[in-house]
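What follows is a short report on a single structure.
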Amino acid sequence: MDLPHRPRRLRTDGLRPLVSETHLSPSDFIAPVFVDATTDTRQPIGSMPGHSRVPVEEAVERVEEVLDTGVEAVMVFGIPESKDPQGSRAWAEDGVVQRAVRDITRETDAYVVTDVCFCEYTDHGHCGILTSEASESWERLRRDQVVEEHAADDPTLTVRNDETLDLLARTAVSHAEAGADMVAPSSMTDGMVGAIRSGLDGAGFSDVPVMSYAAKYESAFYGPFRDAADGAPAFGDRRHYQMDPANAREAMREVRLDVEQGADVLMVKPALPYLDIVRDIRREFDHPVAAYNVSGEYAMVHAAAEKGWLDLDAAAFESLLSIKRAGADLILTYFAERVAESLSD
């Protein structure tokens, strides 16, 4: 049979890697690091095999473990020693992230990104200051020590957008003062990038970039992270400020607003269910694009591997490769160390 085009010619062992279109490198990855001010020992995260919360005193050691695999960047998440309705430990000079970042930047060469949000710091678990109606509902729940049957459907359970902006900026500045190389606001608060950019510039940190969670969806894939960071909402949900999974055009509007406000890097979260969004942003904008391969994506691969249903390393590699192929320049992933080590091997 005369076939002038035979794609299989390019798939031989010697030629296949030479014509491979997409490549992963440890420098593509950002590794999440959880620092816990409430513990003196490492606390394994049951729903995220291989990951633990580490005490502040072990933050440097944990980051050095990441660096040893070839990964050069980390994102620091904090679990504070106490919580309140405003999340005031988020911007405290002696806060968990601030203490850890000072140690990490002083003693390692890691590129340090910090998560800027309030869900880990507020006693109600929402990403900002509650409306008065929501505050009343929260106080009633705490007083009665019960969760209302239809709390998630209550339209009053939301946050006050504009009042939250100043606190986000204050938190970002405190991270920069501690030595953070980049800040990453994740609260999906309208105007957050502009407020943080203004705050950083006004405090003399004009060189600190902002990686915005520009398209962050209200997703079913966040469960293990909320265990890891102790950031689950105590009542209600986050549908009023995180994006509807049904919407793609809205993501472009969200991203464009963040670009106009000065975002330096554009994040999509989660990654795998939203590869179309990663691709759309890559085509529409010239900014670096990041994607968060979230805890649920990590946990389901591990769970299937434990059942013997798939190969853990092959599935992890293929997942990250798909994210890179879709157009992500940076991948925040719990597989960072494992895949980086396999690439080195």
Practice task
Check the pair Gln261, Ile196 against side chain to side chain contact (heavy atoms under 4.5 Å, CB included), reporting the backbone distance first and the verdict last.
Solution key: CA-CA 9 Å; Gln261 293 170 37; Ile196 288 172; over 6 Å; no
Just verifying a value: how many Å separate [X] [atom1] and [Y] [atom2], rounded to the nearest 0.5 Å?
| X | Y | atom1 | atom2 | answer |
| --- | --- | --- | --- | --- |
| Leu266 | Arg282 | CG | CZ | 8.5 Å |
| Leu320 | Asp28 | CG | CG | 9.0 Å |
| Ile104 | Glu64 | CD1 | CD | 10.0 Å |
| Asp207 | Met182 | CG | CE | 12.5 Å |
| Asp181 | His175 | CG | NE2 | 13.0 Å |
| Gln242 | Met188 | CD | CE | 7.5 Å |

Taking [X] for the side chain and [Y] for the main chain, is one N or O donor matched with an acceptor at less than 3.5 Å?
| X | Y | result |
| --- | --- | --- |
| Lys83 | Glu120 | yes |
| Ser344 | Ala340 | yes |
| Arg279 | Ala326 | yes |
| Ser174 | Thr171 | yes |
| Gln98 | Gly179 | no |
| His287 | Ala263 | yes |
| Ser198 | Gly194 | no |
| Asp244 | Asn247 | no |

Problem - Derivation of the side chain to side chain contact (heavy atoms under 4.5 Å, CB included) call for Trp91 and Phe118 - result: CA-CA 10 Å; Trp91 62 81; Phe118 293 116; 3.9 Å; yes
Practice task
Please name the residue in the list Phe34, Tyr334, Phe77, Phe335 that meets the ring pair (Phe, Tyr, Trp, His ring centres under 6.0 Å) test with His51.
Solution key: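 Exactly one option meets the ring pair (Phe, Tyr, Trp, His ring centres under 6.0 Å) with His51, and it is Tyr334.
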Which atom of [X] lies closest to which atom of [Y], heavy atoms considered:
| X | Y | value |
| --- | --- | --- |
| Ala336 | Val71 | O-CG2, 3.7 Å |
| Thr333 | Asn293 | OG1-OD1, 2.8 Å |
| Thr38 | Glu81 | CG2-CA, 3.8 Å |
| Ala316 | Val301 | N-CG1, 4.4 Å |
| Met75 | Tyr213 | SD-OH, 3.4 Å |
| Ile323 | Ala291 | CG2-CB, 3.6 Å |

Are the side chains of [Y] and [X] in contact, using a 4.5 Å heavy-atom criterion?
| X | Y | value |
| --- | --- | --- |
| Val96 | Tyr121 | yes |
| Ser319 | Tyr298 | no |
| Val97 | Val35 | no |
| Phe285 | Asp258 | no |
| Pro273 | Glu297 | yes |
| Ser187 | Leu168 | yes |
| Ser342 | Asp313 | no |
| Leu272 | Phe221 | no |

Exercise for the section: Apply the test side chain to side chain contact (heavy atoms under 4.5 Å, CB included) to residues Tyr217 and Ile277: give CA-CA distance (whole Å), side-chain angles for both, the deciding distance (0.1 Å), then the verdict. Expected result: CA-CA 11 Å; Tyr217 286 84; Ile277 307 302; 3.4 Å; yes
Between [X] and [Y], does at least one N-O distance fall below 4.0 Å, as a salt bridge requires?
| X | Y | result |
| --- | --- | --- |
| Glu254 | Lys269 | no |
| Glu65 | Arg42 | yes |
| Glu284 | Arg256 | yes |
| Arg102 | Glu177 | no |
| Asp103 | Arg106 | yes |
| Asp166 | Arg170 | no |
| Asp84 | Arg89 | no |

Exercise for the section: State yes or no: do Leu165 and Leu257 share one hydrophobic cluster built from I, L, V, M, F, W and Y residues joined by side-chain heavy-atom distances below 4.5 Å, directly or via other members? Expected result: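 Different clusters.
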Practice task
Please check if any side-chain donor atom of Gln43 sits under 3.5 Å from a side-chain acceptor atom of Thr41, or the reverse.
Solution key: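 The criterion, which ignores hydrogens and geometry beyond distance, is satisfied for Thr41 and Gln43.
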Practice task
Count the heavy atoms of every other residue, nucleotide or ligand shown that sit under 6.0 Å from CZ of Arg9, and state whether that count exceeds 12.
Solution key: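 Atom CZ in Arg9 is crowded, with more than 12 foreign heavy atoms closer than 6.0 Å.
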Exercise for the section: Please indicate whether Asp40 has more than 12 foreign heavy atoms, meaning atoms of other residues, nucleotides or ligands, lying under 6.0 Å from its CG. Expected result: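 No, the 6.0 Å shell around CG holds no more than 12 heavy atoms from other groups.
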Practice task
Kindly determine whether Glu57 and Arg99 satisfy salt bridge (Lys or Arg N to Asp or Glu O under 4.0 Å), including the steps that lead there.
Solution key: CA-CA 9 Å; Glu57 293 74 20; Arg99 292 165 57 200; 3.7 Å; yes
Practice task
Quick one: do Met267 and Leu332 satisfy side chain to side chain contact (heavy atoms under 4.5 Å, CB included)? Show the steps, please.
Solution key: CA-CA 9 Å; Met267 173 86 82; Leu332 181 60; 4.0 Å; yes
Problem - Pair Asp264-Arg197, salt bridge (Lys or Arg N to Asp or Glu O under 4.0 Å): steps then yes or no - result: CA-CA 10 Å; Asp264 300 285; Arg197 183 74 271 159; 3.7 Å; yes
